[in-house]
Amino acid sequence: MVKNKELVIIEEWCKGCGICVEFCPVKVLELKNGKVRLIDADKCTKCGLCELRCPDFAIYLEVKE
Amino acid sequence: MASELVERYFRKETLPNIWCPGCSNGIVTAAIVRAIDNLGLDQNNVCIVSGIGCSARASGYLDFNTLHTTHGRAIAFATGIKFANPELTVIVITGDGDNAAIGGNHFIHACRRNIDLTVVMYNNHIYGMTGGQYSPTTPRFDRATTAPYGNIDRYFDICKLAIGAGATYVARGTAYHVHQLTKLIERGISHKGFSFIEALSICPTYYGRKNKKGTPADMLKWLKDHAVDIKQGSKMDPEEFHDKFIIGELLNIDEPEFVEEYQKMLNNLKVNYK
């Protein structure tokens with residue numbers, strides 16, 4: 001697990017298309033009220049597939065200082 | 001805050017983009033930006049040119065030298081830019097309607113000229129912005145607003161057109177295979193000569209809805225399940241291959257490049273006619 005990275009969601013940019021939810025290999029994302037949300041931060045492997053496929057640049061991994 | 005990629009290469013004040021939920025244009029646009037970043041190109045030395053259509057909106061979101069031009073004419077504008085300043089890396093963002101229909105003639109002659117441009121065509125198989133009319137790449141018998149009983153025209157393979165017309169780098173990727181697409185765009189930009197990259201995309205709003213293709217994720221899965229890498233494709237028998245398509249590098253050859261040839265001619269004339 002990559003410890004120095006954090007998954008960030010920009011809610012205002014998310015259109016709730018569900019692509020990241022579907023392709024998350026560990027199923028830690030869900031849609032709630034039309035927006036994506038991280039349901040289990042501990043299980044997230046920070047693989048970055050959600051960032052790679054998000055058409056709205058609304059989910060990404062941020063490197064923590 | 002947004003991702004490093006967005007902070008550096010996008011005009012953040014223009015976001016969120018206006019593309020529909022699940023439209024893959026954002027995925028392909030990000031792939032282009034990653035390719036530019038991976039190559040370490042100077043942002044001020046890159047020029048993005050687009051025509052008209054959903055894909056063409058990308059030039060507005062990107063923070064490079066950008067030009068949003070007229071329908072089908074992006075390549076004509078890009079040719080002028082490259083000619084006036086050969087040092088620039090010129091990338092054209094276009095769609096299947098913009099490039100294969102309205103801009104078809106500009107496209108084939110730019111291929112033939114082998115001018116050093118990189119053209120990325122977002123192929124979503126439909127005219128999205130104007131309301132879902134069928135395009136040259138709408139598959140046969142698929143539906144569109146203007147083909148309510150199915151489209152009779154045959155599918156236009158634009159990669160084959162590019163190869164036939166004389167492009168020297170031709171590749172096909174998809175919005176599902178993002179890493180590969182990024183690599184293909186990188187190679188296209190690095191290639192000296194006319195590079196064409198077809199990025200198979202999804203339009204859930206029009207093409208998807210008209211043809212009952214399901215959710216955006218279902219449409220991306222369809223791309224995943226029907227794409228065959230060029231390395232495997234040659235080993236498949238035609239029956240197995242009938243509903244599949246090839247992805248990867250289809251052509252990569254060296255031919256004299258137009259701007260360089262022009263410069264050579266100018267230099268010759270200067271020597272001979274002093």
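Worth saying up front: this structure is predicted, and the values here are computed from it rather than measured.
In this structure, no portion of Thr215(B) lies under 4.5 Å from any heavy atom of chain A. In this structure, the portions of Leu52(A) lying under 4.5 Å from any heavy atom of chain B include both its backbone and its side chain. Only the backbone of Glu12(A) comes within contact range of chain B, judged by heavy atoms closer than 4.5 Å. In this structure, chain A has a heavy atom under 4.5 Å from the backbone of Ile18(B), while its side chain stays farther away.
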For residues 25-34 of chain B, please give each side-chain donor-acceptor pair under 3.5 Å, one per line with the distance, not counting sequence neighbours.
{"unit_1": "Thr29(B)", "atom_1": "OG1", "unit_2": "Asn25(B)", "atom_2": "O", "d": "2.7"}
{"unit_1": "Thr29(B)", "atom_1": "OG1", "unit_2": "Tyr122(B)", "atom_2": "OH", "d": "2.8"}

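With sequence neighbours left out, Cys159(B) forms a side chain to side chain contact (heavy atoms under 4.5 Å, CB included) with Asp157(B), Val170(B), Arg172(B), Phe196(B), Glu198(B), Leu250(B).
Of the residues considered (Thr182(B), Leu220(B), Leu5(B)), Leu220(B) shows the highest number of contacts with chain A, using heavy-atom pairs under 4.5 Å. Put simply, of Pro55(A), Cys17(A), Ala58(A), the one with the most heavy-atom pairs under 4.5 Å next to chain B is Pro55(A). Of all the listed residues (Gly22(B), Ala175(B), Cys20(B)), the one sharing the greatest number of non-hydrogen pairs under 4.5 Å with chain A is Gly22(B).
At a heavy-atom cut-off of under 4.5 Å, chain B is reached by Glu22(A), Phe23(A) from residues 20-28 of chain A, listed in order of number.
Aromatic ring orientation, His125(B) versus Tyr207(B): tilted (interplanar angle from 30° to 60°). Taking the six-membered ring where tryptophan is involved, the planes of His71(B) and Tyr127(B) are perpendicular, since the angle between them exceeds 60° and thus also 30°.
Using a cut-off of 4.0 Å between Lys/Arg side-chain N and Asp/Glu carboxylate O, Arg8(B) and Asp37(B) are scored as salt-bridged.
At a cut-off of 3.5 Å, with distance as the only test, no side-chain donor of Asn65(B) or Gln43(B) sits close to an acceptor on the other residue.
Taking every heavy atom of both residues into account, Glu249(B) and Ala171(B) meet most closely at CA-CB, 4.1 Å.
Remark: side-chain polar atoms of Glu186(B) are not paired, donor with acceptor, to backbone N or O of Ala35(B) under 3.5 angstrom.
For residues 36-65 of chain A, every residue pair satisfying the ring-ring contact (aromatic ring centres under 6.0 Å, His included) rule, not counting sequence neighbours, is listed here: Phe57(A)-Phe10(B).
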